[in-house]
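Lettering follows sequence order; numbering is per chain, from 1. Note that the structure is a prediction, hence the values are computed from the model and not measured.
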Amino acid sequence: MRRTEIAKVLAQPVLNESVTVMGWVRAFRGNRFIALNDGSTPHTLQIVLDAEKMEESILKKIKFHACLSVTGQLVASQGAGQAVEVLAENVEILGECNPEDGYMMQPKAQTMEFLRTNAHFRMRTSTFSSVFRLRHAVAFAVNKFYNDRGFFYMHTPIITGSDAEGAGEMFHVTTLDVNNPPRTEEGGVDFGQDFFGKATNLTVSGQLQGEIAALALGKIYTFGPTFRAENSNTPRHLAEFWMIEPEVAFNDIYDNMDLAEEFTKYLINYCLENHLADLELLDKRLAEEQNALPKDKRRAMGLIEQLRFVVDNAFERITYTEAVEILMKSKPYKEKKFEFPVEWGIDLQSEHERYLVEKEFKKPVIVRNYPKEIKAFYMRLNDDDKTVAAMDVLFPGIGEVIGGSQREDRHDVLLERVKAVGIPEEELWWYLQLRQFGGAPHAGFGLGFERMVQFITGMSNIRDVIPFPRTPGNAEF
RNA sequence: GCCUCAGUAGCUCAGCCGGUUAGAGCGGCGGACUGUUAAUCCGUAGGUCGUAGGUUCGAGCCCUACCUGAGGCGCCA
């Protein structure tokens with residue numbers, strides 16, 4: 001089928017020539033004007049009909065979200081809302097769309113909750129089509145950023161036999177009959193008879209395999225789906241989400257922080273430079289959403305304003321110890337407004353992180369050197385013997401977008417940590433050998449892809465930046 | 001997993017102190033309309049109030065349980 005994409009018609013209009021466009025009706029006004037959108041752009045193309053020349057049966061079928069093919073002259077518009085329009089000579093109905101038959105979408109603002117239950121149609125709305133064009137843009141920018149800097153894209157396994165990744169509850173993968181599994185002599189399930197000859201899970205992180213690659217190729221990144229069987233019910237968590245995990249040989253914690261800051265700024269900049277129209281639309285949407293809130297609950301900045309602010313300012317970098325000191329001097333601490341205690345050794349709660357990011361510094365903050373007790377076994381022990389070279393990048397509104405560290409590269413120290421936290425050594429034989437044979441200092445981090453898309457699009461619920469969200473109790477579509 | 005709030009027409013919501021035939025806007029349907037911008041105007045049809053019990057002369061409204069959704073917290077990315 002020959003058609004011209006609406007994005008092209010609008011970007012490079014060839015006036016007074018015939019053009020064929022195909023798309024979905026966003027509005028039909030005055031029995032005369034159709035706003036047509038084909039997904040290639042947030043904008044619509046205006047189609048002008050001559051009702052007297054139209055067949056009644058076709059006119060009746062021009063409904064909200066019906067799919068049309070329209071051929072006609074592209075001309076300068078007489079109306080004020082658009083530069084060009086198509087004078088329809090032929091209109092073909094490609095797909096009817098009858099509310100009478102139960103079509104539930106309407107040309108008006110609908111709640112995110114309602115649209116979520118109709119995820120098969122929500123991408124036809126201006127908000128979601130912009131969100132998903134931006135999701136693509138961020139994904140593309142991820143690959144471009146690393147490719148341009150000599151990183152290699154590494155595909156780590158989705159099914160894993162290791163349960164020592166240490167990032168949370170896992171989904172089991174099995175082909176055994178769950179109603180009647182083979183049993184061991186002790187009465188447990190005999191995973192020796194399972195597909196892989198052992199118990200397997202969906203991955204919670206590609207980091208450990210990423211380290212294998214980094215200690216051979218130097219600079220690598222992973223970008224793929226990860227799974228957490230945590231019963232997390234928040235607007236920031238998904239059971240299935242995508243994660244980007246760069247891992248770099250010869251990087252220390254400071255190089256790691258530099259990379260994290262440069263990377264996140266690049267992603268935001270890429271969207272500002274290449275998808276401003278989508279961002280403007282979402283900026284407007286967010287402003288309307290914020291206007292409905294009481295004044296003290298509103299965001300300090302508009303969407304685009306905040307994106308530019310993050311790009312234009314250096315991230316604040318502090319140690320965990322400094323963070324605790326700042327919190328203990330803070331007004332909410334002195335007035336006992338914090339729900340959770342603040343003292344050296346405890347993990348920072350989201351109320352604490354939010355204070356640092358939104359009140360104290362008013363910009364992204366990187367906190368490093370956390371107590372070893374509250375961080376993973378693979379993080380490099382600092383010389384103080386109390387803290388590890390971990391770092392969290394905290395963003396306004398969504399909190400932690402990045403968690404990373406310099407990895408423990410000393411075989412003896414790692415072995416001691418593995419034993420201390422009680423992970424069976426044999427689970428990690430290959431991970432330990434990486435240190436034993438040609439090990440190197442290295443560092444990396446994990447960026448939650450959806451959290452980044454959430455920040456860039458201003459959507460308040462993470463379920464609205466992934467096409468088909470997987471959350472506890474929901475795997476529809 | 002814990003806490004809070006909500007569930008009334010296709011959608012978004014109103015419904016007083018428990019009291020006759022449960023309301024509105026949008027959407028739908030019928031009609032008008034050749035320069036509209038989520039068009040406008042006239043007319044019209046839709047609901048038994050999340051589910052199951054209970055209290056009461058009487059329940060959309062009160063009570064109990066459950067289901068679903070959202071927000072907060074925890075876990076984290």
On a whole-Å scale, what distance lies between the C1' atoms belonging to B:C13 and B:G18?
22 Å
Of A:F28 and A:S77, the one whose closest RNA chain B nucleotide lies more 5'
A:S77
Inter-nucleotide C1' distance (B:G72, B:U12), Å rounded:
25 Å
Within the structure shown, what part of the strands sits under 4.0 Å from A:E353 by heavy-atom distance: base, sugar-phosphate, or nothing?
nothing
Take atom C1' in B:A22 and the same atom in B:C61, then report the distance between them in whole Å.
12 Å
Please work out if A:R26 contacts a base, only the sugar-phosphate, or nothing of the nucleic acid, heavy-atom cut-off 4.0 Å.
nothing
Check every atom of B:A39, B:U12, B:G35 against the side chain of A:A27 and return the nucleotide holding the closest atom.
B:A39
By the Watson-Crick or G-U definition, both distances under 3.5 Å, B:C62 is matched with B:G54
Which part of the nucleic acid does A:L238 contact within heavy-atom distance under 4.0 Å: base, sugar-phosphate only, or nothing?
base
Verify whether one side chain among A:E211 and A:Y378 offers a donor that lies under 3.5 Å from an acceptor in the other.
no
Between B:A77, B:C75, B:G10, which nucleotide gets closest to the side-chain atoms of A:M104?
B:G10
Less than 4.0 Å between a side-chain N and a carboxylate O, is that true for A:D392 and A:K375?
yes
Identified pairing partner of B:G7, criterion: Watson-Crick or G-U wobble below 3.5 Å:
B:C67
At 4.0 Å (heavy atoms only), tell me whether A:E339 reaches a base, stays on the sugar-phosphate, or touches nothing.
nothing
Of the options B:G1, B:C76, B:U36, whose atoms approach the side-chain atoms of A:F33 most closely?
B:U36
Before accepting this row, confirm whether a basic side-chain N of the pair A:D252/A:R380 lies closer than 4.0 Å to the acidic partner's carboxylate O.
no
Whole-Å distance separating the CG atom of A:N231 from the P atom of B:C73:
16 Å
Please give the distance between the C1' atoms of B:G23 and B:C66 as a whole number of Å.
30 Å
Salt bridge or not for A:R285 and A:E289, using N-O below 4.0 Å?
yes
Using a 4.0 Å heavy-atom cut-off, write out nucleotides 28-33 of chain B from 5' to 3' as B (base contacted by protein), S (sugar-phosphate only) or - (no contact).
SS-S-B
Nearest-angstrom distance from the residue atom CG of A:N474 to C1' of B:C67:
15 Å
Checking A:R149 against A:Y221: charged group under 6.0 Å from the ring centre and within 45 degrees of the axis?
no
Whole Å only: how far is the CD atom of A:E113 from the P atom of B:G50?
18 Å
Parallel, tilted or perpendicular: which describes the rings of A:W242 and A:F223, with under 30° parallel and over 60° perpendicular?
perpendicular
CD of A:Q46 versus C1' of B:G35: gap in Å, rounded?
8 Å
Where does B:G46 fall, syn or anti, if syn means a chi angle no more than 90° from 0?
syn
Pick base, sugar-phosphate or nothing for A:Q82, based on heavy-atom distances below 4.0 Å to the nucleic acid.
base
Distance-only donor-acceptor check, side chains A:N369 and A:T319, under 3.5 Å:
no
Ignoring hydrogens and angles, state whether a donor on the side chain of A:S205 or A:E245 is under 3.5 Å from an acceptor on the partner side chain.
yes
Could you state the atom-to-atom distance from CG of A:L87 to C1' of B:G35 in whole Å?
12 Å
Under 4.0 angstrom, heavy atoms only, what part of the nucleic acid is A:G79 near: base, sugar-phosphate, or nothing?
base
According to the Watson-Crick and G-U wobble definitions, with both distances under 3.5 Å, which nucleotide is paired to B:U36?
none
Give a yes or no on whether a salt bridge exists between A:R135 and A:E450, defined as a side-chain N under 4.0 angstrom from a carboxylate O.
yes
Answer with base, sugar-phosphate or nothing: what part of the nucleic acid does A:N461 contact at a heavy-atom distance below 4.0 Å?
sugar-phosphate
Under 4.0 Å: is that the gap between some side-chain N or O of A:N233 and OP1 or OP2 of B:G72?
no
A:M170 pairs by side-chain contact (heavy atoms from CB on, under 4.5 Å) with which of A:L202, A:N201, A:T203?
A:N201
Could you measure between the two P atoms, the one in B:G30 and the one in B:C16, and give it in whole Å?
36 Å
How many whole angstroms separate atom CG of A:L394 from atom P of B:C76?
14 Å
Do A:R236 side-chain and B:A77 base share a donor-acceptor contact under 3.5 Å?
no
Please classify the nucleic acid contact of A:Q106 as base, sugar-phosphate, or nothing, using heavy-atom distances under 4.0 Å.
base
Going by an N to O cut-off under 4.0 Å, is there a salt bridge joining A:D258 and A:R317?
yes
Is there a side-chain polar atom (N or O) of A:R32 under 4.0 Å from OP1 or OP2 of B:A39?
no
Base, sugar-phosphate alone, or nothing: which one does A:Q349 contact when heavy atoms must sit under 4.0 Å apart?
sugar-phosphate
What is the nucleic acid contact for A:S350, judged by heavy atoms within less than 4.0 Å: base, sugar-phosphate only, or nothing?
sugar-phosphate
In Watson-Crick or G-U wobble terms, both distances under 3.5 Å, what is the partner of B:G23?
B:C13
Side-chain N,O (A:R29) to OP1/OP2 (B:A39) below 4.0 Å:
yes
Need one value for A:F241: base, sugar-phosphate or nothing, where a base atom within 4.0 Å counts as base even if backbone is also close, heavy atoms only.
base
Classify the side chain of A:S232 and the base of B:C75 as holding, or not holding, a donor-acceptor pair under 3.5 Å.
yes
Is there a Watson-Crick or G-U wobble partner for B:C41 with both distances under 3.5 Å, and if so, which one is it?
B:G31
Between B:G1, B:U34, B:A70, which one does the side chain of A:E52 approach most closely?
B:U34
Please measure how far the C1' atom in B:U21 lies from the corresponding atom in B:G15, and state the result in whole Å.
16 Å
Nucleotide nearest A:T234 (side chain, heavy atoms from C-beta), chosen from B:A70, B:A77, B:G74
B:G74
Please check if any side-chain donor atom of A:D347 sits under 3.5 Å from a side-chain acceptor atom of A:Y370, or the reverse.
no
Classify the nucleic acid contact of A:Q78 as base, sugar-phosphate or nothing, counting any heavy atom under 4.0 Å across all strands shown.
base
Distance check, C1' atoms only: B:A70 and B:U34, in whole angstrom units.
46 Å
Partner lookup for B:C49, please. Criteria are Watson-Crick or G-U wobble with both distances under 3.5 angstrom; report none if nothing qualifies.
none
Starting from the 5' end of RNA chain B, give me the residue, A:I402 or A:P235, whose nearest nucleotide shows up first.
A:P235
Looking across every strand, which nucleic acid part, if any, lies under 4.0 Å from A:R354 by heavy atom: base, sugar-phosphate, or nothing?
sugar-phosphate
Taking CD1 from A:I462 and P from B:C76, how many angstroms apart are they, rounded to a whole number?
16 Å
For a quick check of understanding: with a heavy-atom distance under 4.0 Å over all strands, which category does A:T111 fall into, base, sugar-phosphate or nothing?
sugar-phosphate
C1' atoms of B:G19 and B:U51, separation to the nearest Å
26 Å
Roughly, in whole Å, what's the span from CZ in A:F340 to C1' in B:C75?
12 Å
With a 3.5 Å cut-off and just heavy-atom distances, do the side chain of A:Q110 and the base of B:U12 make a donor-acceptor pair?
no
